[in-house]
Protein chains: 2
Amino acid sequence: MTPAKDAPPIATALSSEDAPDLNIIELLFFAYRDFTADPDLILEKIGFGRAHHRVLYFINRKPGMTVAELLDVLKITKQSLARVLKQLIDTEHVVQVTGPRDRRQRELYPTLKGRELALALARPQSRRIAQALRESGPENRAAIENFLQAMVNPAQRGQVDSSPAAG
Amino acid sequence: MTPAKDAPPIATALSSEDAPDLNIIELLFFAYRDFTADPDLILEKIGFGRAHHRVLYFINRKPGMTVAELLDVLKITKQSLARVLKQLIDTEHVVQVTGPRDRRQRELYPTLKGRELALALARPQSRRIAQALRESGPENRAAIENFLQAMVNPAQRGQVDSSPAAG
DNA sequence: AAAAATATGTCAGTCTTGTTGACTTATTTT
DNA sequence: AAAATAAGTCAACAAGACTGACATATTTTT
């Protein structure tokens with residue numbers, strides 16, 4: 001019996017002719033990687049991770065969110081959220097307030113400390129975006145926003161705040 | 001001694017007035033989440049994760065890459081790569097070829113199976129991008145590519161294939 | 001009033017994907 | 001012959017996701 005041959009290697013590069021918009025696929029990967037690397041540096045120093053960032057971000061964006069609303073936006077499980085939320089509460093970045101109408105609910109609010117951290121994390125991202133808009137032509141802002149908006153699943157577009165800057 | 005008061009909650013929402021381009025920060029988060037969710041569904045069925053996707057993608061994009069080059073692009077450690085690469089080789093999605101000039105090197109190539117998986121993973125992403133371009137105006141393609149390119153750290157821009165589609 | 005549903009919290013265990021440090025082997029360069 | 005390089009491997013660890021099960025307080029339904 002002859003030994004099975006290995007499958008032969010393919011030497012031709014995958015290109016946009018094989019899959020349309022391959023360059024945009026690739027750009028999204030690199031752009032997002034570098035975009036998240038900035039706040040990661042700050043988070044690392046205080047023992048937090050990207051998960052803390054996301055939770056803190058949305059609590060700042062919509063103060064008074066309940067736990068259930070937050071789970072829906074983040075699309076993670078209660079147990080995954082619990083750990084990071086507990087840490088954010090223990091470190092006094094976030095406080096819980098019993099729901100005024102429904103006392104089962106816990107409304108989540110940032111403290112001043114939590115607000116300041118959220119701003120510090122947003123700063124390098126804002127800078128990167130502003131710089132990229134300058135380089136690529138500020139007149140394209142609306143086009144870029146529309147494109148990104150259209151990349152989001154229609155069902156979730158309502159969750160995104162798409163008001164124009166300083167509206 | 002009076003008990004320490006909890007830090008008071010902040011009820012005002014963080015907005016683009018506090019940090020410029022907050023809506024773009026948010027759009028990037030949602031857009032990238034949904035963009036990666038499509039291939040994740042396919043990967044899950046065959047027991048692979050996002051890490052396999054990235055490795056397979058770059059090996060298809062630049063067949064003949066060495067392990068060192070791949071590590072440089074992905075910015076992960078050799079040990080992190082080893083596990084997923086081994087699985088891709090064991091499942092015959094990728095083959096290694098001893099470097100022709102330097103026999104210490106291992107050139108990485110996709111097999112037909114690996115090429116087909118890479119294409120299957122790219123397909124829903126291509127579809128989403130094409131749809132988003134249609135919705136937001138195909139004339140803005142160049143502007144969007146330029147913006148994403150400008151979001152990448154200058155040092156890494158050379159790694160990105162930015163040739164226009166089907167160039 | 002009792003039962004069911006809901007919102008949240010928690011315990012215990014698992015998986016993927018990343019990490020570090022140390023070491024081996026083969027090969028090339030000095 | 002010695003040093004440097006490319007790759008592979010072992011062991012241990014951590015973050016951040018997961019599942020399933022269950023507890024508690026509260027509200028809604030019957």
Side-chain angles (χ1 to χ4, degrees), chain A residues 29 32-33 36-37 39-59 64-91 94-109, chain B residues 29 32-33 36-37 39-59 64-91 94-109:
Chain A
F29 168 71
Y32 196 76
R33 187 188 62 178
T36 52
D40 281 356
L41 283 178
I42 299 170
L43 290 160
E44 201 194 338
K45 287 178 196 153
I46 54 177
F48 283 174
R50 212 171 281 181
H52 300 86
H53 186 181
R54 289 198 285 262
V55 171
L56 186 64
Y57 175 83
F58 285 107
I59 292 175
M65 258 189 163
T66 64
V67 171
E69 286 167 346
L70 194 50
L71 288 174
D72 187 49
V73 174
L74 295 174
K75 300 227 183 302
I76 57 172
T77 60
K78 189 171 45 162
Q79 296 82 346
S80 297
L81 173 60
R83 194 181 15 192
V84 295
L85 184 55
K86 192 173 189 315
Q87 283 177 277
L88 286 168
I89 291 167
D90 287 349
T91 55
V94 171
V95 288
Q96 286 178 313
V97 175
T98 297
R101 268 167 296 280
D102 185 337
R103 291 165 43 99
R104 288 172 305 183
Q105 294 183 332
R106 300 285 176 271
E107 293 185 345
L108 302 167
Y109 292 91
Chain B
F29 168 71
Y32 196 77
R33 186 189 62 179
T36 52
D40 281 356
L41 283 178
I42 300 170
L43 291 160
E44 200 194 338
K45 287 177 195 152
I46 53 177
F48 283 175
R50 215 172 278 181
H52 300 86
H53 186 183
R54 288 197 286 261
V55 171
L56 186 65
Y57 176 83
F58 285 107
I59 292 174
M65 259 190 162
T66 64
V67 171
E69 286 167 345
L70 194 49
L71 288 174
D72 188 50
V73 175
L74 295 174
K75 300 226 181 304
I76 57 172
T77 60
K78 188 170 46 161
Q79 296 83 345
S80 296
L81 173 60
R83 198 177 9 199
V84 295
L85 184 55
K86 193 172 189 313
Q87 284 177 276
L88 286 168
I89 291 167
D90 289 348
T91 54
V94 170
V95 288
Q96 287 178 312
V97 176
T98 298
R101 269 168 296 279
D102 186 337
R103 290 165 42 97
R104 289 171 303 180
Q105 294 182 333
R106 300 284 176 274
E107 293 184 345
L108 302 167
Y109 292 92

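The sequence lines fix the lettering, A, B, ..., with proteins before strands; numbering per chain opens at 1.
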Under 3.5 Å, is there an N or O donor on one side and an acceptor on the other linking the side chain of [X] and the base of [N]?
{"X": "B:Arg104", "N": "D:dT5", "result": "yes"}
{"X": "B:Arg106", "N": "C:dA26", "result": "no"}
{"X": "B:Arg83", "N": "C:dG18", "result": "yes"}

Whole angstrom value for the distance that separates [atom2] of [N] from [atom1] of [X]:
{"X": "A:Leu81", "N": "D:dT19", "atom1": "CG", "atom2": "P", "result": "14 Å"}
{"X": "A:Glu107", "N": "C:dA7", "atom1": "CD", "atom2": "C1'", "result": "13 Å"}
{"X": "A:Leu43", "N": "D:dG16", "atom1": "CG", "atom2": "C1'", "result": "14 Å"}
{"X": "B:Lys86", "N": "D:dC10", "atom1": "NZ", "atom2": "C1'", "result": "13 Å"}
{"X": "B:Leu85", "N": "C:dT17", "atom1": "CG", "atom2": "C1'", "result": "15 Å"}
{"X": "A:Gln87", "N": "D:dA17", "atom1": "CD", "atom2": "P", "result": "12 Å"}
{"X": "A:Phe48", "N": "D:dA14", "atom1": "CZ", "atom2": "C1'", "result": "16 Å"}
{"X": "B:Ile76", "N": "D:dA7", "atom1": "CD1", "atom2": "P", "result": "14 Å"}

Once you apply a heavy-atom cut-off of 4.0 Å, does [X] come out as touching a base, just sugar-phosphate, or nothing?
{"X": "B:Gln96", "value": "sugar-phosphate"}
{"X": "A:Glu44", "value": "nothing"}
{"X": "A:Arg50", "value": "sugar-phosphate"}
{"X": "B:His52", "value": "sugar-phosphate"}

From the set [options], return the single nucleotide nearest to any side-chain atom of [X].
{"X": "B:Val67", "options": "D:dA7, C:dT19, C:dT17", "result": "D:dA7"}
{"X": "B:Gln105", "options": "D:dA6, D:dT19, C:dG18", "result": "D:dA6"}
{"X": "A:Lys78", "options": "D:dG8, D:dA17, C:dG9", "result": "C:dG9"}
{"X": "B:Gln79", "options": "D:dA25, D:dA11, D:dG16", "result": "D:dA11"}

request  = Let me know, please, whether B:Lys75 or B:Gly47 comes out on the 5' side of the other along DNA chain C by nearest nucleotide.
outcome  =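 The answer here is B:Gly47.
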message = Do B:Gln96 and B:Leu108 make a side-chain contact, defined as non-hydrogen atoms from C-beta onward lying under 4.5 Å apart?
response =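 SC-SC contact between B:Gln96 and B:Leu108 confirmed.
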message = Any non-hydrogen side-chain atom of B:Met65 less than 4.5 Å from a side-chain atom of B:Val73?
response = yes
task = Between A:Asp102 and A:Arg54, just flag the one whose closest nucleotide in DNA chain D comes earlier from the 5' side.
result =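 Upstream on the strand: A:Arg54.
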query = Does A:Leu81 offer a backbone N or O that forms a donor-acceptor pair with the side chain of A:Arg83 under 3.5 Å?
reply =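 Not at all, since once roles are kept as given, no pair shorter than 3.5 Å links the two residues.
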task = Kindly say whether A:Arg104 contributes a backbone atom to a donor-acceptor pair with the side chain of A:Arg106 at under 3.5 angstrom?
result = yes
note = CG (B:Leu43) and NE2 (B:His52) are apart, to the nearest 0.5 Å, by 8.5 Å
task = Please determine if a side-chain N or O atom of A:Ser80 lies less than 4.0 Å away from the OP1 or OP2 oxygen of D:dC18.
result =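 Yes, within the criterion.
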request  = Run the numbers on A:Leu88 and A:Phe48 for side-chain contact (heavy atoms from CB on, under 4.5 Å), then give the verdict.
outcome  = CA-CA 9 Å; A:Leu88 286 168; A:Phe48 283 174; 3.7 Å; yes
